[in-house]
Amino acid sequence: MTETHSTAARGDSGPETARLVASRVLDVPDFPQPGVLFKDLMPLFADGKVFREVVDGIVAYHGRDGFDVVVGIEARGFVVAAAVAYAAGVGVVPVRKAGKLPRVAHSISYALEYGEATLEVHEDAFTAGHRALVVDDVLATGGTAEATLDLVERAGGTVTGFTVLLELGFLGGRERLAPRSVHALLTV
Ligand code: AMP
């Protein structure tokens, strides 16, 4: 494992925040499969001071009154979503992998490199017009995010923002999600 160091860290909340995130990411080569450089944000989650700063920064970026609910994508997105929701005094909605939710759910399937994945959200998760801030740890190709944003809107929520801690810029997720905007604290 090597730490991600960058002297010219960049992100949508400025270089200082980008550097802070970069200082708490570990690069894990060939996980979960050969050829993938896994961005492990557990060190950021484990550092109380940095985690709080990052979460407060996300709330400040969107404005404390800028969203009514926070949506987290399974599983690492749950960590970010719950903290942001708590900091802003709003609720949290989990978007889960297929078959995990106990009640009637909307579902959406999307293509992976090999095969397909399905995400679900409870049918009654959103009050009509509720402004949803969607969060996840990493934006890669954007397939997961695109499916989640569509799912939220299908379930009656209004997507007001999408934040990730780290964006793999070279994979084109941001372009895929356009014209929706992406807020990434660190872009590599
Ligand atoms: P994608 O749909 O390609 O944008 O992949 C995004 C989802 O997969 C997120 O939920 C991430 O947690 C996870 N992910 C994809 N690539 C990586 C990576 N290199 N490091 C860590 N997580 C990743």
Side-chain angles (χ1 to χ4, degrees), residues 1-6 9-12 18 20-47 50-51 54-55 58 70-85 92-101 105-121 125 132-154 159 161-188:
M1 287 194 300
T2 50
E3 213 170 313
T4 305
H5 278 301
S6 172
R10 65 188 174 97
D12 300 316
L20 190 66
V21 174
S23 74
R24 294 294 183 279
V25 183
L26 291 172
D27 286 354
V28 186
D30 300 319
F31 182 86
Q33 59 200 50
V36 175
L37 183 62
F38 189 83
K39 297 289 186 180
D40 178 14
L41 284 149
M42 301 299 168
L44 187 152
F45 296 152
D47 185 324
V50 171
F51 187 44
V54 162
V55 167
I58 293 171
V70 184
V71 176
I73 305 174
E74 186 166 354
R76 291 177 296 276
F78 293 171
V79 178
V80 184
V84 169
V92 61
V93 170
V95 162
R96 300 219 59 181
K97 291 170 182 162
K100 304 276 188 185
L101 289 172
H106 288 285
S107 80
I108 191 163
S109 295
Y110 62 103
L112 297 175
E113 195 178 349
Y114 302 104
E116 202 183 65
T118 299
L119 293 173
E120 297 185 337
V121 72
L133 170 60
V134 180
V135 299
D136 203 1
D137 62 337
V138 171
L139 174 67
T141 65
T144 306
E146 185 178 45
T148 301
L149 301 183
D150 287 349
L151 183 65
V152 168
E153 287 183 342
R154 192 181 294 176
V159 175
F162 174 59
T163 289
V164 289
L165 303 184
L166 190 152
E167 169 194 18
L168 298 168
F170 58 94
L171 289 177
R174 186 181 290 261
E175 291 70 28
R176 179 174 183 163
L177 295 174
R180 288 156 156 160
S181 72
V182 172
H183 170 228
L185 299 185
L186 170 66
T187 300
V188 297

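Each ligand, and each atom within it, is numbered from 1 in the order the structure gives. Given the structure is predicted, the values throughout are model-derived calculations rather than measurements.
Of the protein's non-hydrogen atoms, V138 CG1, 3.9 Å is the one closest to atom 23 (C) of ligand 1. For atom 4 (O) of ligand 1, the nearest non-hydrogen atom of the protein is G142 N, 2.7 Å. Here the heavy atom of the protein found nearest to atom 16 (N) of ligand 1 is A140 CB, 3.6 Å. Closest to atom 19 (N) of ligand 1, if we only count protein heavy atoms, is L37 O, 3.0 Å. The closest protein non-hydrogen atom to atom 10 (O) of ligand 1 is D136 OD2, 2.7 Å. Closest protein heavy atom to atom 13 (C) of ligand 1: R76 NH2, 3.9 Å. The closest protein non-hydrogen atom to atom 3 (O) of ligand 1 is T141 OG1, 2.5 Å. Scanning all protein heavy atoms for the shortest distance to atom 20 (N) of ligand 1 gives K39 N, 2.9 Å.
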**Asked** So L177 and L139, side-chain contact (heavy atoms from CB on, under 4.5 Å) or not? Walk me through it.
**Response** CA-CA 11 Å; L177 295 174; L139 174 67; 4.1 Å; yes

**Message:** Determine whether E167 and K39 satisfy the following criterion, salt bridge (charged side-chain N to carboxylate O under 4.0 Å, His left out), listing intermediate values before the conclusion.
**Reply:** CA-CA 10 Å; E167 169 194 18; K39 297 289 186 180; over 6 Å; no

**Message:** Run the salt bridge (charged side-chain N to carboxylate O under 4.0 Å, His left out) test on D150 and R180 for me, step by step, so that the C-alpha distance in whole Å, both residues' side-chain angles and the decisive distance to 0.1 Å come before the verdict.
**Reply:** CA-CA 11 Å; D150 287 349; R180 288 156 156 160; 3.2 Å; yes

**Item:** Intermediate values then yes/no, side-chain contact (heavy atoms from CB on, under 4.5 Å), V54 and V80
**Value:** CA-CA 9 Å; V54 162; V80 184; over 6 Å; no

**Message:** Please determine whether side-chain contact (heavy atoms from CB on, under 4.5 Å) holds for the pair R154 and I108, giving the CA-CA distance in whole Å, both sets of side-chain angles, and the decisive distance to 0.1 Å.
**Reply:** CA-CA 9 Å; R154 192 181 294 176; I108 191 163; 3.6 Å; yes

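Contact annotation for L168 and ligand 1: only side-chain heavy atoms (C-beta onward) come within less than 4.0 Å of the ligand.
Judged purely by distance below 3.5 Å, without hydrogens or angles, the side chains of T118 and S109 pair a donor atom with an acceptor atom.
When each of I58, V25, V138, V135 is tested with L165 by the rule side-chain contact (heavy atoms from CB on, under 4.5 Å), just one qualifies, namely I58.
Within the 4.0 Å heavy-atom shell around ligand 1 one does not find I73.
Between R174 and T187 the shortest side-chain heavy-atom distance falls below 4.5 Å.
A salt bridge is absent between K97 and E74: the closest approach of a Lys/Arg side-chain nitrogen to an acidic carboxylate oxygen does not fall below 4.0 angstrom.
If you check each of V36, L171, V28, D137 against atom 12 (O) of ligand 1, the one with the closest non-hydrogen atom is D137.
Close contacts between ligand 1 and G143 involve ligand atoms 2 (O), 4 (O) [criterion: under 4.0 Å to a heavy atom]. Residue-ligand proximity, T144 to ligand 1, at heavy-atom distances under 4.0 Å covers atoms 1 (P), 2 (O), 5 (O), 6 (C), 7 (C).
Shown here, atom 8 (O) of ligand 1 is out of close reach of the protein: none of its heavy atoms lies under 4.0 Å off.
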